[in-house]
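Quick caveat, the model's predicted, so the values are computed rather than measured. Below, read A as the first sequence line, B as the second, and so on, with proteins coming before strands; counting in each chain starts at 1.
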Amino acid sequence: MSEREDPWPCLSVNKSRFAFPDWAYKPESSPGSRQIQLWHFILELLRKEEYHDVIAWQGDYGEFVIKDPDEVARLWGARKCKPQMNYDKLSRALRYYYNKRILNKTKGKRFTYKFNFNKLVLVNYPFIDMGSAGTKRGHTNHIHLFT
DNA sequence: GTCGGAATGT
DNA sequence: ACATTCCGAC
């Protein structure tokens, strides 16, 4: 938690109120761009109580509902300096996660998606023993499952 | 609302 | 690679 990019470069207010954990940022895997990824951002909003009228866990394990799509889009746009962001564009980015097996859509449930925590937990918490075969004992910081 | 192709940008 | 933008189809 020492030298890190400004989480809210577009905000003149409330700058230092958010302490993003290190794992919410892209590991040094990709040379140049260490920009926040959408699914990291989503997880961070879900972690914060102050957003649970905007986005929250709901339903099955890993399932979450975007209660206020416009607001989530606004926050994401603020984070990425894309003031023209909206839910239509944000949801397209979420849809790209289907093939990467980071997210699924919960069909029939409005604004509801589901994380594939099998993958995510391994990426973010490589030291957690999930009881699955092939999980190495933690001596590396990051396991890159989809690169 | 949701999906996914296509072009474009970083 | 990972979105952003636009948009036709369902």
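Following rounding to the nearest Å, Q37(A) (CD) and dA3(C) (C1') show an atom-to-atom distance of 9 Å. Put simply, NZ on K105(A) is 15 Å from C1' on dC10(C), counting in whole angstrom units. Remark: P of dT2(B) and NZ of K109(A) are 13 Å apart, rounded to the nearest angstrom. dC2(C) atom P lies 11 Å from atom NZ of K80(A), rounded to whole Å. In this structure, the CD1 atom of I66(A) is 11 Å from the P atom of dG1(B), given to the nearest Å. With rounding to whole Å, L94(A) atom CG is found 9 Å from dA3(C) atom P. Spacing between atom CZ of R79(A) and atom C1' of dA3(C) amounts to 14 Å, rounded to whole angstrom units. As rounded to whole Å, 18 Å separates atom P of dC6(C) from atom OH of Y87(A).
In this structure, Y113(A) has its ring center at least 6.0 angstrom away from the ring center of Y97(A).
Residue K107(A) is classed as having no contact, given no heavy-atom separation below 4.0 Å to the nucleic acid. L90(A) comes within contact range of no nucleotide atom at all, as no heavy-atom separation falls under 4.0 Å.
The shortest heavy-atom contact between L90(A) and M85(A) is N-SD, 3.7 Å. When every heavy atom of R101(A) is checked against every heavy atom of N116(A), the shortest pair comes out as O-ND2, 2.8 Å.
In terms of the side-chain contact (heavy atoms from CB on, under 4.5 Å) criterion, residue partners of Q58(A) (sequence neighbours excluded) are, by chain and number, V65(A), K67(A).
Under the 30°/60° scheme for interplanar angles, the aromatic rings of W57(A) and F64(A) are found to stand perpendicular.
Distances shown here put every side-chain N or O of W76(A) at or beyond 4.0 Å from the OP1 or OP2 atom of dA3(C). At dA3(C), none of the side-chain N or O atoms of K89(A) fall inside 4.0 Å of OP1 or OP2 (strictly under the cut-off).
Of the residues K80(A), R79(A), Q84(A), the one that meets the side chain to side chain contact (heavy atoms under 4.5 Å, CB included) test with K82(A) is K80(A). Paired with E63(A) under the rule salt bridge (charged side-chain N to carboxylate O under 4.0 Å, His left out), one option of K107(A), K109(A), K114(A) passes, and it is K109(A).
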Give me the distances for all protein-to-nucleotides 4-10 of chain B N/O pairs that come in under 3.5 Å?
from	atom 1	to	atom 2	distance (Å)
dG4(B)	N7	R92(A)	NE	3.2
dG4(B)	N7	R95(A)	NH1	3.0
dG4(B)	O6	R95(A)	NH1	2.8
dG5(B)	N7	R92(A)	NH2	3.0
dG5(B)	O6	R92(A)	NE	2.8
dA6(B)	N6	Y96(A)	OH	3.2

